[in-house]
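Every number for a ligand or one of its atoms is a count from 1 in the order of the listing.
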Amino acid sequence: MALLSILVLHGPNLNLLGRREPAVYGSQTLQDINDSLTQIANLLGVKLTFFQSNHEGGLVDEIQSALDRHQGILINPGAYTHTSVAIRDAIAAVAIPTVEVHLSNIHQREAFRHHSYIAAVAIGQISGFGADSYRLGLEGLVKHLQQQS
Ligand code: CA2
């Protein structure tokens, strides 16, 4: 049987990780996070595809192109979490199980970060564990997909 394939999406400014604001977002770079996720994916027996964009439409395009290619989506939508009806609609449209992750605890920060447009169309949200949020999110997503099949 083919390996489960998961699309990992990183939203705007996450390409700066490790180089700016380490007190808020940690010292690991995006490449470090992707490398750690790849190691975990190998242990779990799943395949990952990574994509980062600073553009809302680029993320929407990638979500749409996940249809028939990926069984799950792990997404840190960055600031689009709090603004993007388009990303929410794309996730709802493809109906691919999606887990939302955040490095920081969005509920502990400014009020404008407390609402997520994505949460209602995600199977779950992990927030506040730094780079570990991605690992926890991936593990939860894989377990969900394995229970489905
Ligand atoms: O905590 C998270 O993962 C966020 O999704 C990060 C977003 C923020 O807008 C969300 O409210 C919570 C911001 C990502 C910006 O990433 C940077 C990385 C390094 C330096 C500056 C920004």
Side-chain angles (χ1 to χ4, degrees), residues 4-44 46-67 69-145:
L4 282 173
S5 177
I6 292 169
L7 176 63
V8 181
L9 292 177
H10 305 286
N13 295 310
L14 288 162
N15 54 311
L16 296 178
L17 278 179
R19 287 182 275 157
R20 295 274 189 284
E21 298 191 56
V24 184
Y25 297 119
S27 56
Q28 293 199 48
T29 65
L30 197 59
Q31 192 58 54
D32 292 335
I33 290 175
N34 288 347
D35 289 348
S36 305
L37 284 177
T38 300
Q39 285 187 11
I40 296 155
N42 289 340
L43 293 174
L44 295 173
V46 301
K47 180 179 173 301
L48 302 184
T49 301
F50 299 100
F51 182 78
Q52 187 275 330
S53 179
N54 294 324
H55 305 278
E56 188 175 21
L59 293 162
V60 169
D61 285 345
E62 201 63 21
I63 292 165
Q64 288 186 11
S65 74
L67 258 186
R69 289 174 56 211
H70 304 290
Q71 289 74 52
I73 298 175
L74 184 70
I75 183 169
N76 182 346
Y80 288 139
T81 304
H82 320 295
T83 63
S84 183
V85 177
I87 291 176
R88 174 200 180 115
D89 285 351
I91 293 169
V94 297
I96 295 172
T98 296
V99 171
E100 173 187 353
V101 299
H102 298 284
L103 297 153
S104 61
N105 181 349
I106 58 173
H107 304 287
Q108 214 173 51
R109 300 184 64 191
E110 304 97 320
F112 68 84
R113 295 186 204 273
H114 295 178
H115 177 258
S116 165
Y117 278 97
I118 313 305
V121 294
I123 58 172
Q125 182 195 69
I126 310 255
S127 179
F129 295 94
D132 232 22
S133 291
Y134 283 91
R135 177 184 63 80
L136 294 164
L138 178 63
E139 288 174 355
L141 178 58
V142 170
K143 204 164 203 174
H144 175 91
L145 294 173

For residues 79-96, which residue pairs pass the side chain to side chain donor-acceptor pair (under 3.5 Å) check, not counting sequence neighbours? E56-S84
Polar side-chain atom of Q71 near backbone of I6 as donor-acceptor pair, under 3.5 Å: no
For residues 110-119, pull every pair meeting side chain to side chain donor-acceptor pair (under 3.5 Å), keeping only residues two or more places apart or in separate chains. E100-S116, E110-R113
Can you name the salt bridge (charged side-chain N to carboxylate O under 4.0 Å, His left out) partners of D35, sequence neighbours left out? none
Is the shortest heavy-atom distance from the side chain of I87 to the side chain of L9 under 4.5 Å? no
Between E139 and K143, does at least one N-O distance fall below 4.0 Å, as a salt bridge requires? no
Distance under 4.0 Å, heavy atoms only, partner ligand 1: which residues pass? P12, N13, L14, L16, L17, R20, E21, Y25, N76, G78, A79, H82, H102, L103, S104, I106, R113
